[in-house]
2 protein chains.
Amino acid sequence: MTTADPISGVFAALADPTRRAILARLASGEATVNELAEPFPISLQAISKHLNVLERAGLIARTREAQWRRCRIEPAPLRDIAGWVEQYRRLWEERYDTLGGYLDDLQKEQS
Amino acid sequence: MTTADPISGVFAALADPTRRAILARLASGEATVNELAEPFPISLQAISKHLNVLERAGLIARTREAQWRRCRIEPAPLRDIAGWVEQYRRLWEERYDTLGGYLDDLQKEQS
DNA sequence: CGGTTAATCAACCGATAGGTTGAGAGTACC
DNA sequence: GGTACTCTCAACCTATCGGTTGATTAACCG
């Protein structure tokens with residue numbers, strides 16, 4: 001991630017399976033850091049770093065509550081990703097599911 | 001990307017703005033490596049590396065044609081990403097009603 | 001054959017990612 | 001106040017990323 005491009009940060013955050021698992025957990029409700037860390041075989045500090053990445057990407061928000069940090073998912077960046085991918089929908093939606101017809105039809109589309 | 005998890009590779013590939021620009025270019029038709037490299041201020045070798053990343057992620061395919069390698073986009077991984085993001089759609093549809101029509105509008109705008 | 005063009009391979013480099021351990025800050029509870 | 005618990009900060013380490021330059025493979029052309 002060379003640039004400060006926000007969408008790059010979202011994709012980069014989603015590129016890690018641990019972070020996707022954390023998001024999946026948060027999709028079913030808020031959780032504290034320890035609760036999020038529990039399923040993983042890595043240190044709490046590593047989880048804290050993952051949460052930093054998710055937070056900088058805008059994918060989660062943390063609120064402090066006594067000694068706990070409660071984390072919740074923030075869906076806006078996911079919506080952005082969905083919008084980005086949507087640009088390419090026609091490539092698999094219209095017509096070609098077989099590789100055979102794909103090349104021919106793409107060629108035709110060009111001319 | 002610690003694991004061999006295929007979807008992680010796709011997200012990682014999409015995390016780079018140069019690679020996303022290459023995909024955008026390929027969405028409008030096939031191109032050779034030199035054609036793809038032309039808009040960027042970096043070396044051809046760097047572009048070649050980016051194409052390797054995209055190819056390993058399944059996002060493009062390369063066919064050799066005389067001395068040229070013709071690149072084309074492979075939409076299947078993008079469809080997978082769309083499917084993955086879809087899991088979270090309710091999070092912004094249920095909680096953030098004001099954004100409800102976003103995707104519909106985007107759809108309209110594209111066509 | 002020799003020269004040119006297209007693209008990759010290979011080695012290297014600085015920066016960053018993801019993990020560790022150890023220490024520290026903030027809050028609750030007795 | 002002392003102790004326990006929750007979480008972050010800081011330093012460090014290794015591997016990977018994104019870029020460079022230089023050499024190499026492969027095909028075409030005169």
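Throughout, protein chains are lettered first and strands after them, A, B, ... in sequence-line order, and every chain is numbered starting at 1.
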Regarding C/dG18, can its base be found pairing with the side chain of A/Gln45 as donor and acceptor, where the two atoms are less than 3.5 Å apart? no
Aromatic plane relationship, B/Phe11 with A/Phe11 - under 30° parallel, 30 to 60° tilted, over 60° perpendicular: tilted
Considering only side-chain heavy atoms of A/Arg19, which listed nucleotide, C/dG19, C/dT8, C/dG18, is closest? C/dG18
For B/Leu51 and C/dT8, what is the distance between atoms CG and P respectively, to the nearest whole Å? 7 Å
Take atom CZ of B/Phe11 and atom P of C/dA17, then tell me their distance rounded to the nearest Å. 18 Å
Calculate the interatomic distance between A/Leu14 atom CG and C/dG18 atom P; express it in whole Å. 12 Å
Would you kindly give the CG-to-P distance between B/Leu36 and C/dT8, to the nearest whole Å? 10 Å
Please tell me if B/Ser48 has a side-chain N or O lying less than 4.0 Å from either OP1 or OP2 of C/dA7. no
Straight-line distance of B/Leu23 CG to B/His50 NE2, nearest 0.5 Å: 11.5 Å
Protein-nucleotide distance (B/Phe40, atom CZ; C/dA7, atom C1'), rounded to Å: 17 Å
C/dT20, D/dT8, D/dG19: which one has an atom nearest the side-chain heavy atoms of A/Val33? D/dT8
For D/dG19, does either OP1 or OP2 sit under 4.0 Å from a side-chain N or O belonging to B/Ser43? no
For A/Asn34 and for B/Ile42, find the nucleotide of DNA chain D with the closest heavy atom, then tell me which residue's nucleotide is more 5'. A/Asn34
Is the closest basic N to carboxylate O distance between B/Glu93 and B/Arg90 below 4.0 Å? no
Donor-acceptor pair, side chain of A/Arg19 and main chain of A/Ala12, under 3.5 angstrom: yes
May I ask you to decide if A/Leu14's main-chain N or O and A/Arg20's side chain share a donor-acceptor pair within less than 3.5 Å? yes
Determine, using ring centers only, whether A/Tyr88 and A/Trp92 are less than 6.0 Å apart. no
So, OP1 or OP2 of D/dT8: does either fall under 4.0 Å of a side-chain N or O from A/Asn52? no
Between P of D/dG18 and CZ of B/Arg20, the distance in whole Å: 12 Å
Please classify the nucleic acid contact of A/Leu44 as base, sugar-phosphate, or nothing, using heavy-atom distances under 4.0 Å. base
Nearest-Å distance for atom pair CG/C1', residues B/Asp16 and C/dT16: 13 Å
Distance test, side-chain N/O of B/His50 to OP1/OP2 of D/dG19, below 4.0 Å: yes
Could you identify which residues of residues 61-69 of chain A place a heavy atom less than 4.0 Å from some atom of DNA chain D, listed by residue number, or say none? A/Arg62, A/Gln67, A/Trp68, A/Arg69
Does B/Thr32 offer a backbone N or O that forms a donor-acceptor pair with the side chain of B/Glu35 under 3.5 Å? yes
Find the distance A/Ile47:CD1 to D/dC7:P and express it as a whole number of Å. 12 Å
